[in-house]
Amino acid sequence: MAYQGTSARQLNRETDDRIRQQRVVKPARKSTYDYTLLASIVFLFAMGLLIIYSGSQYTAMLETGDGAFFFKRQLIIGGAGLFMGMVLSHIGYNWMKKGIIPWLAIASGVGLLCLTLILGLSSHGKTRWISIAGISFQPTEYAKICTIVFTAYLCDKFKAKINDPRVFWVVAAFGAIPAGLILSENLSSGFIVMAIVLVMLFVASRKWKIFTILGLTGLTGVLAAKPLLRIMFIKMNITQRPSQYWMRRIYAWIMPERFPTDAYQTQQGLYAIGSGGLMGRGLGESIQKFGKIPEIQNDMIFTVICEELGFFGAVTIIILYAFILYRIMKIAQNASNLFGAMLCVGIMAHIGIQVILNISVVTGIIPNTGVTLPFISYGGTAVLFTFIEMGIVLAVSKFSRK
């Protein structure tokens with residue numbers, strides 16, 4: 001019996017050893033956090049700080065007595081936005097679609113827009129600022145991200161029925177509510193929100209015919225608007241300056257020779273772009289920044305890039321934007337669920353549309369709309385929420401499938 005017991009113990013030990021040898025240890029899951037995207041964003045923001053410091057010194061000295069005023073504010077607010085985005089990127093994103101959170105997001109966004117209509121601060125013919133506890137900010141930027149989250153939630157919730165015409169138009173209608181309110185305050189931002197919702201619906205649904213018609217109609221309208229309106233204005237012999245601020249911008253875009261005062265900013269920006277040449281005048285050597293381009297640190301910052309860094313610098317910035325959009329697209333493709341993919345699509349549309357509009361404005365393709373250049377233009381609210389959006393994208397990458 002002892003012999004048999006010993007043999008049994010030896011057999012058990014041999015069996016355990018064999019199991020240990022055959023056991024396959026699963027490798028640790030490789031991190032999918034997109035550090036390449038993070039590095040690109042930080043690099044672009046750093047370039048923006050450099051351009052803001054170079055382009056706004058003269059204006060800041062005249063207005064505040066501190067040549068680095070705009071640079072310091074952008075650094076502080078941008079740094080806070082980067083910190084918030086980094087925290088958000090590590091806590092995930094699925095919590096944003098749970099319970100009543102999406103509904104609270106869209107309700108708060110719409111509520112702030114309504115409050116702006118009543119108590120908003122007017123500037124440059126637009127009522128788009130609101131002050132709470134002494135802090136001024138633009139509710140439109142908050143409403144943009146709320147609209148993206150809510151539309152992504154609806155696309156995920158009705159993913160099996162999104163091609164049903166009734167569901168499709170209900171989702172589109174919910175996206176149109178904040179867009180309509182923003183249009184009454186800021187025409188360009190309202191169109192941006194509408195375009196974001198359309199892009200998200202285009203990706204989520206199979207109704208390509210509707211979007212093809214809308215796309216071709218919009219492109220035809222943009223290309224034909226200026227020559228047709230110019231012919232009409234010449235025949236009507238329009239020379240009187242309109243009272244509305246946004247109409248003056250359109251008149252100046254169509255006939256700058258008749259409305260030189262209103263076309264002054266765009267014309268000076270074109271002079272800056274043309275004088276930059278291939279390689280530019282050199283960093284800090286811009287001439288147009290000395291009071292010739294109003295609000296040069298905001299939506300006209302691209303003219304400083306062209307003048308100081310030239311065609312080469314401008315193309316480099318555009319390529320960097322294209323790379324960031326490409327990385328966001330790849331993250332959307334690898335997202336673990338439809339909600340995360342649609343969040344990335346909405347944010348990608350937001351960044352891409354603003355870049356296209358801003359560059360189109362400074363080159364005179366479309367009227368001056370006051371759209372900022374993401375990560376580069378001076379603006380606290382815009383840069384803060386753009387970094388928060390990037391935090392959401394990085395969260396999607398962290399919890400993606402591969």
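Just so it is clear, the structure is predicted and the values come from calculations on it, not from any experiment.
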Donor-acceptor pair, side chain of Q74 and main chain of G379, under 3.5 angstrom:
yes
Report yes if some heavy atom in the side chain of [X] is under 4.5 Å from a heavy atom in the side chain of [Y]; otherwise report no.
X	Y	answer
L357	I353	yes
Q297	F71	no
K157	P102	no
L338	D156	yes
W103	F150	yes
S40	L320	yes
I296	Q268	no
T266	V361	no

Are there more than 12 heavy atoms of other residues, nucleotides or ligands under 6.0 Å from atom [atom1] of [X]?
X	atom1	answer
F312	CZ	no
I91	CD1	yes
M96	CE	yes

Pair [X]-[Y], side-chain donor/acceptor within less than 3.5 Å:
X	Y	value
Q354	K144	yes
E307	S286	yes
Y378	D299	no
S54	E308	yes

[atom1] of [X] to [atom2] of [Y]: how many Å apart, nearest 0.5 Å?
X	Y	atom1	atom2	answer
L394	E389	CG	CD	12.0 Å
T64	K72	OG1	NZ	8.5 Å
I388	M84	CD1	CE	3.5 Å
L154	F158	CG	CZ	6.0 Å
C344	M200	SG	CE	10.0 Å
S397	M390	OG	CE	11.0 Å

Heavy-atom closest pair (S400 atom, N334 atom, distance to 0.1 Å) is CB-O, 3.1 Å
If the plane angle is over 60° it's perpendicular, under 30° parallel, otherwise tilted; pick one for Y142 and F385.
tilted
Fit a plane to each ring of F387 and F375, take the angle between them on a 0 to 90° scale, and name the class: parallel (under 30°), tilted (30 to 60°) or perpendicular (over 60°).
perpendicular
side-chain contact (heavy atoms from CB on, under 4.5 Å) partner of I51, chosen from I317, L373, V304:
V304
